Number of protein chains: 2
Amino acid sequence: MRIAEADPTSETAAVPDPAPSDLTTRARLRDAAIECFAAEGFGASVRTIAARAGVSAGLIRHHFGSKDALRAECDDAVLERHRTLKTEGLESPANAMAQLAEADEHGAMLVYILRSVQDGSPAGASFIEHLIADAAAYSEQAVASGILRPSLDPVGRARLMVTQSVGGLIVMLSLHPEIDLTDFKTVLAKTFEQIALPSIELYTNGVFADSTYLDQYLAYVEAQSPNAQSRTEQS
Amino acid sequence: MRIAEADPTSETAAVPDPAPSDLTTRARLRDAAIECFAAEGFGASVRTIAARAGVSAGLIRHHFGSKDALRAECDDAVLERHRTLKTEGLESPANAMAQLAEADEHGAMLVYILRSVQDGSPAGASFIEHLIADAAAYSEQAVASGILRPSLDPVGRARLMVTQSVGGLIVMLSLHPEIDLTDFKTVLAKTFEQIALPSIELYTNGVFADSTYLDQYLAYVEAQSPNAQSRTEQS
DNA sequence: ACGATTGCTATACACGCGTGTAGCATCCGA
DNA sequence: TCGGATGCTACACGCGTGTATAGCAATCGT
């Protein structure tokens, strides 16, 4: 039913329209929507999106049917772009974000993901769960190879680190509402530069001087339920 | 000019109106706005707020002039309530949030702060900066008393930990969009229970097995600019 | 070469929003 | 007792939004 920009079922031979951009208007509309959603959040109006794509507003309805459908297609596009980027490149959760922020297009993609999480949409939750699963898998492997310390709660640790990292970026995004589409790269780079040393330091040494807090908590949780858990203990 | 709920300048003798709640309608309106903003974000309509307070919608304009003025007053109220709560109670940044989440009213207050940050409003930025300043002050004191490890970048560490903690809560909030005003406490308690062990573990031991990453970064930053910084080094 | 489908624009509709205005009841001070 | 301020409601206006419809130009299949 839906005709993609390169669907071979109804493609004749050569490209039918050498547009100003080499993309189909539909694809340009989708990319413009991704950029607008990243820049302004999902409250961006369809007229703004259409104006950014250089077309009329009604064309969005003509191509996608509704704003929600357009957004769903943006979610799919970003999700798949992230997936391919993940499989083709290295996927070290620590600097995956930094890698994503390199190209401008990737920067917009990153911010789109942050907006999705910030918005509370199912797509955002899906992103988070994927990131957590990836982090957990990478963590297990890194623990096995001696890079990371083992944890009493591996998936809990992965969940914590992902939510905190993404959340920190969302906070930094919210702290700069005047952000422009052109300085995604700049702002992200400055942020990473700002938090690089503290985060590496935190991940290397922690912040507590000794293990009294951890010991106290473990004793507390042991007193609460002296049965399950605390079996894989080798911190 | 502004008539507070207990302003003695125009108070006769006894309470003039034994309303269903013992608060002024104006104060009830303000509290209802705080709750609605916490529950739905700042897109909550004035009609919703008025309905929650059990009054008409136009009354908001009558009392506050505009929705923005109402929100500003909510910001002030929450900020001052947080300030008093901070000074009167203990202020350990680690469990300050947990303490805030105890009472229902405090839970709504916490979520209001999170919404402010999420929204990107100046009030949210102010909250964050205050939290960072507090955390930095507490951190300095805790380092002096041997509870926390010293840092190569103390304020950077405080900034990182605050933004990540608050951001993690925002992500958790966004992951539960169906949140109801009545289970602020429940959701927050479950979240804290979920992240307690991983965060204590992280803050105690870090995640890296050794200090190669930190050493590499320090060497890199030293090679980049061999002059300033790296003087207060005693990690 | 011609009909039909496609790409696209322009305009209008319905809705929810914040805001403004008119009016009513009540309470207080002189 | 009475004038005026106060607390509050009901209703209407303008605006921006997503959505729907009508129509035009071009391209493609046959």
Side-chain angles (χ1 to χ4, degrees), chain A residues 1-30 32-33 36-37 40-74 119, chain B residues 1-30 32-33 36-37 40-74 119:
Chain A
M1 196 58 61
R2 172 185 297 163
I3 303 176
E5 59 266 23
D7 195 345
T9 59
S10 65
E11 193 80 346
T12 57
V15 286
D17 180 77
S21 174
D22 60 343
L23 284 170
T24 312
T25 306
R26 181 190 164 91
R28 284 196 300 130
L29 216 29
R30 174 175 48 88
C36 285
F37 286 152
E40 310 176 20
F42 294 101
S45 72
V46 293
R47 289 167 176 85
T48 302
I49 297 170
R52 179 167 192 85
V55 296
S56 175
L59 195 60
I60 286 182
R61 167 173 166 79
H62 181 265
H63 275 304
F64 302 94
S66 74
K67 185 186 180 182
D68 283 340
L70 168 61
R71 177 174 170 179
E73 204 144 324
C74 292
D119 181 67
Chain B
M1 195 57 62
R2 169 184 300 163
I3 303 179
E5 57 266 22
D7 193 345
T9 59
S10 67
E11 193 79 344
T12 55
V15 285
D17 180 76
S21 173
D22 59 344
L23 285 169
T24 310
T25 306
R26 182 189 164 92
R28 285 196 300 131
L29 216 31
R30 174 177 47 88
C36 286
F37 286 152
E40 309 176 21
F42 295 101
S45 71
V46 294
R47 291 169 174 85
T48 301
I49 297 170
R52 179 167 191 86
V55 297
S56 175
L59 196 61
I60 287 182
R61 168 173 165 78
H62 182 264
H63 275 302
F64 302 94
S66 75
K67 185 185 179 180
D68 283 341
L70 168 61
R71 177 175 171 179
E73 205 144 323
C74 291
D119 180 66

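So that the names make sense, note that chain A is the first sequence line, chain B the second, and so on, each numbered from 1. No experiment lies behind these values; they were computed from the predicted model shown.
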Margin query: Between T25(A) and R28(A), is there a side-chain heavy-atom distance shorter than 4.5 Å?
Written below: yes
Regarding the side chain of S66(B), the nearest nucleotide among dT17(D), dT19(C), dT9(C) is dT19(C)
inquiry  = If you compare every side-chain N and O of H63(B) against the phosphate oxygens of dC8(D) (OP1, OP2), does one of them come in below 4.0 Å?
reply    = yes
Comparing G43(B) with G58(A), nearest DNA chain C nucleotide closer to 5' gives the residue G58(A)
| query | Heavy atoms under 4.0 Å, any strand shown: does A44(B) hit a base, just sugar-phosphate, or nothing? | reply | sugar-phosphate
Quick note, S45(B) side chain, CB onward, closest among dC8(C), dG18(C), dT9(D) is dG18(C)
Rounded to whole Å, the CG-P distance (D68(A) to dA20(D)) equals 12 Å
Between CZ of F64(B) and C1' of dT19(C) the distance, given in whole Å, is 16 Å
Does the dG18(C) base have a donor-acceptor partner in the side chain of R47(B) within less than 3.5 Å?
yes
Salt bridge or not for E73(A) and R26(A), using N-O below 4.0 Å? yes
Side-chain atoms of V46(A) come closest, of dT19(D), dC8(C), dC8(D), to dT19(D)
Any sub-3.5 Å donor-acceptor pair from T24(B)'s side-chain atoms to A27(B)'s backbone N or O? no
Separation between CG (L29(A)) and CG (L59(A)), nearest 0.5 Å, reads 6.0 Å
From CG of L59(B) across to P of dC8(D) the rounded distance in Å is 5 Å
Whole-Å distance, I60(A) CD1 to dA20(D) C1', equals 15 Å
Review point. Below 4.5 Å, heavy atoms only, C-beta onward: do V55(A) and H62(A) meet side chain to side chain?
Key: no
Whole-Å distance, R71(B) CZ to dT19(C) P, equals 13 Å
Side-chain atoms of K67(B) come closest, of dC8(C), dA10(D), dG18(C), to dG18(C)
Checking dT21(D), dC8(D), dT19(C) against the side chain of R61(A) (C-beta onward), the nearest is dT21(D)
Closest of dC8(C), dG7(D), dT9(C) to the T25(A) side chain is dC8(C)
To the nearest angstrom, the CG-P distance between L29(A) and dC8(C) comes to 9 Å
Rounded to whole Å, NE2 of H62(B) lies from C1' of dA10(D) at a distance of 14 Å
